[in-house]
Amino acid sequence: MRSLDIILTTAVREAVVKLYGKDVPASKVQLQKTRREFSGDVTLVVFSLSPFSAKGPAETAQEIGNYLTGHLNEVEGFNVIKGFLNLNISASYWADFLNAVLSDAHFGRTTADAALSPVMVEYSSPNTNKPLHLGHIRNNLLGFSISRILEASGRKVIKVNLVNDRGIHICKSMLAWQKFGNGETPESTGKKGDHLVGDYYVRFDQAYKKEVEEFIAKGYNREEAENASPIMAEAREMLRKWEAGDKEVRALWHTMNSWVYEGFDETYHQLGVNFDKIYYESETYKLGRKLVLEGLEKGLLFRKDDGSVWADLSDEGLDQKLLLRSDGTSVYMTQDLGTAHQRFTDFDLDRHIYVVGNEQNYHFQVLSIILAKLGFEWAGKLYHLSYGMVELPEGKMKSREGKVVDADDLVDEMVRTAKEMSDELGKLGAIPDEDKEKIYYQIGLGALKYFILKVDPKKNMTFNPKESIDFNGNTGPFIQYSYARIQSVLRKAGETPAQVPATYDMNEKEISLIKTIYDFPSVIQAAANEFNPALIANYLYDSAKEFNQFYHDYSILKAESEVAMSFRLILSAIMGDIIREGMYLLGIDVPERM
RNA sequence: GGACCUGUAGCAUAAUGGAUAGUGCAUCUGGCUACGGACCAGAAGGUUGGGGGUUCGAGUCCCUCCAGGUUCACCA
């Protein structure tokens, strides 16, 4: 069936031609859901049409309203308030609409066009020297959710992870393991591999700081002291050996990284995220050098006297950016130029999304500019999905100060609290223990994920571990609860009717619910266009809340008539499907009971 | 200092340039022998950081000032 927006837009343009002899662009036809406090279903904002009619907004609205009621079966009445034309949509349109939704197993989802190029989403991108923390959680949840949202909006998606497995940071852990450890392994200690390696990174940092302080006490200034530190010199030497392919160093590197990957896999599994492809920096860090040299040859870049190669971005109001050091080696930017080029060569990408924290805004701005400068027409297809920091109530997290909220600890804490609260409410009495554990997990993770995803990504957010486990209000568990309750009612009712009863006279709240249902596909599109899962989250909350109120106001299983019951069961079933589908897009499970 | 981002009740958040700025937490009042109370109904709480401007209309766009954050490495 045709969407209401299209029917109305077409008819409004037609009306303006017939009434005023003018052709209005579709973009000037502004339709929106009528606000709750006014009567009507859909509102046409007439101000922008007023110039075409050469009449006042109210008069224009009146005339267009008359035209629409006269020409469209879907419009059965209207009222005008100032420049707003509020249209009443016929019950039969809504009934047809609901029937269409019932026969659509994936309402709201746009099926992918096979000819469409895929979108690549890079997210997570951890370093292999320490475990994941709260900031990574936001990254992973955003990346995974936006991938699902893009898929639901009809795009093909390739989820990739670029693991930063090489560099001085991992050498620090390796060195500390050699110096201070006793051959510990994840097996021998029972510790997750990423935590074990992370502990040695901390040990390195402590030893390094101690050395620096000692040199300062001897009268060095800080910079001199840092340069004089023997342990740092050792780490640099280890990196040099790594780059030279030293067998022993490579073997240790391989071993310790493999511990970390096992640990990460567990955390990813807990968070419910996954990837289609994993890139390793050890395999890509040399990419880009060739591109830079080619750019240099073409005169797009320039070389300084010391041999280093730079991009001049002064035309864009920025500084110069180093691309190759004076010794000819690459920097971070060079790598990213190379990996982007590699990916656009390997795949015909429609977009490339980088889910990376906002401290790298400048980096990605420059990345796009340099790629454009080098003449790649796909430079404009990069998009940096930038997100704000996650702060604690006490202040900014500082990994060096040990104030990080560890991802694994946090997940455990959420699940534990979910269990405590559920047990207190005692609603899961008859369910087998094994199922209970699963439900606690779903609730705990649902609380965490929803809390983080409901916030606009670009904003910094405060994560309060205590308050986040408040299961009231705009929370994941509230939405999960609404779903479980709907399923409970549907179980009791038996079979859900397959068709909207033809004779039923819908009340105002039922129509309001239908309008909410009607919005779902456009919310998915908006979330995909803006790369913002928060739009889905807030829509789900509003819907769940509205539906709870509906539950409260109207009996479903004891409705005043058979047709009313059928109708309300259909609304319930559809709303349940929307919640399940919407939560799926956020990467959140919904329990059948809780 | 330059660039970018953010600023909405005590706290946390929402609002394709549209109508009286929604919502939750906390606070206060009322409602459970229940289609599932992890709920619902109601009250109180706002000069949308300040000031200009554009517009029929500004939390939203422009200018300016203030506050906070990030960044401006031959680190990644």
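Numbers restart at 1 for each chain; the letters A, B, ... are given by sequence-line order, proteins then strands. Since this is a predicted model, take the numbers as computed values, not measurements.
Contacts of A:Ser386 with the nucleic acid, taken as non-hydrogen atoms under 4.0 Å apart, are absent. Within the nucleic acid shown, A:Leu535 comes within 4.0 Å of sugar-phosphate atoms alone, with no base atom in reach, counting heavy atoms only. Residue contacts for A:Tyr554: at a heavy-atom cut-off of 4.0 Å it reaches a base atom on one of the strands shown. Residue A:Met421 is out of contact with every strand shown, counting any heavy-atom pair closer than 4.0 Å. At a threshold of 4.0 angstrom between heavy atoms, the contacts of A:Ala484 include nucleobase atoms, whether or not backbone atoms are also involved. Residue-level contact check: A:Asp553 touches neither bases nor backbone, having no heavy atom under 4.0 Å from any strand. Counting non-hydrogen atoms under 4.0 angstrom, A:Val45 reaches a base of the nucleic acid.
Listed nucleotides: B:C40, B:A3, B:C35. Nearest to the side chain of A:Ser555: B:C35. You'll find that the side chain of A:Gln30 is closest to B:U16, out of B:C40, B:U16, B:G37. Taking only side-chain atoms of A:Glu359, from C-beta outward, the nucleotide of B:U71, B:G37, B:G69 with the closest atom is B:U71. Minimum atom distance to the side chain of A:Tyr481 is reached by B:C39, of the listed B:C35, B:U13, B:C39.
Distance noted for atom P between B:U47 and B:G22: 14 Å (whole Å). With C1' as the reference atom, B:A9 and B:G45 are 6 Å apart, rounded to whole Å. Separating the P atom of B:G17 from that of B:G53 is a span of 23 Å, rounded to the nearest Å. With both ends at atom C1', the span from B:A58 to B:U8 equals 14 Å, rounded to whole Å. Distance check on atom C1': B:U55 versus B:U23 gives 29 Å, rounded to whole Å. As rounded to the nearest Å, B:C5 and B:G49 have C1' atoms that lie 16 Å from one another. Taking the P atoms as reference points, B:U20 lies 11 Å from B:G59, given to the whole Å. Straight-line distance between the C1' atoms of B:A19 and B:U13: roughly 23 Å, to the nearest whole Å.
Taking only side-chain nitrogens and oxygens, A:Gln360 never comes nearer than 4.0 Å to OP1 or OP2 of B:U71. Put simply, A:Lys459 has a side-chain N or O that comes within less than 4.0 Å of OP1 or OP2 on B:G7. Taking 4.0 angstrom as the limit, A:Arg325 places a side-chain polar atom (N or O) nearer than this to OP1 or OP2 of B:A76.
In this structure, A:Ile170 places its CD1 atom 16 Å from P of B:A76, rounding to the nearest Å. Computed from coordinates, the A:Gln549 CD to B:G37 P distance equals 14 Å when rounded to whole Å. Between A:Lys28 atom NZ and B:G17 atom P there is a gap of 14 Å when expressed in whole angstrom units. Between the NZ atom of A:Lys130 and the C1' atom of B:A76 there is a distance of 11 Å, given to the nearest Å. With rounding to whole Å, A:Asn538 atom CG is found 7 Å from B:A15 atom P. If you measure from atom CD of A:Glu223 to atom C1' of B:C75, you get 14 Å, rounded to the nearest angstrom. Atom CD of A:Glu592 is separated from atom P of B:G36 by 15 Å (rounded to the nearest Å). Distance A:Asn460 CG to B:C5 P: 14 Å, rounded to the nearest Å.
For the pair A:Asn164 and A:Leu31, both in contact range of RNA chain B, the more 5′-proximal nearest nucleotide belongs to A:Leu31. Remark on RNA chain B: of its neighbouring residues A:Ala544 and A:Tyr332, the 5'-side contact belongs to A:Ala544, judged by nearest-heavy-atom nucleotide.
Counting all heavy atoms, side chain and backbone alike, A:Leu490 lies closest to A:Ala573 at CD1-CA, 3.8 Å. Considering all non-hydrogen atoms of both residues, A:Leu175 and A:Met238 come closest at N-SD, 4.0 Å.
Across all strands shown, B:C4 pairs with B:G69; the Watson-Crick or G-U wobble distances both stay below 3.5 Å. In this structure, B:C35 makes no Watson-Crick or G-U wobble pair, since no nucleotide meets both defining distances under 3.5 angstrom. Summarising the base pairing, B:G57 is matched to no nucleotide, lacking a Watson-Crick or G-U wobble pair whose two defining distances lie under 3.5 Å. Base-pair partner of B:A43: B:U27 (Watson-Crick or G-U wobble, both distances under 3.5 Å). Of the nucleotides present, B:U13 is the one that pairs with B:G22 by Watson-Crick or G-U wobble criteria, both distances under 3.5 Å.
Using modelled atom types and a 3.5 Å distance limit, the side chains of A:Thr128 and A:Asn164 yield no donor-acceptor pair. Donor-acceptor pairing under 3.5 Å is lacking for the side chains of A:Gln335 and A:Ser330. Counting only N and O atoms by type, the side chains of A:Tyr504 and A:Glu562 include no donor and acceptor under 3.5 Å apart. Looking only at atom types and distance, the side chain of A:Tyr554 has no donor-acceptor partner in the side chain of A:Glu510 under 3.5 Å away. There is a side-chain donor-acceptor pair under 3.5 Å between A:Asp336 and A:His363.
Cation-pi geometry between A:Arg166 and A:Tyr285 is satisfied (NZ or CZ under 6.0 Å from the ring centre, within 45° of the ring normal). In this structure, A:Lys321 is not positioned above the aromatic face of A:Trp310 in the sense of NZ or CZ being under 6.0 Å from the six-membered ring centre and within 45° of the axis.
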With 3.5 Å as the limit, what N/O pairs link the protein to nucleotides 19-23 of chain B?
residue, atom, partner, partner atom, Å
B:A19, OP2, A:Arg35, NE, 3.3
B:A19, OP2, A:Arg35, NH2, 2.7
B:A19, N6, A:Thr43, OG1, 2.9
B:A19, N6, A:Asn86, OD1, 3.4
B:A19, N1, A:Asn86, OD1, 3.3
B:U23, O3', A:Lys545, NZ, 3.0

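Once the 5.5 Å centre distance and the 30° plane angle are applied, the aromatic ring of A:Phe47 is found not to be stacked with the base of B:G57.
The existence of a salt bridge linking A:Lys130 and A:Asp194 is excluded, since no basic side-chain nitrogen approaches an acidic carboxylate oxygen closer than 4.0 Å.
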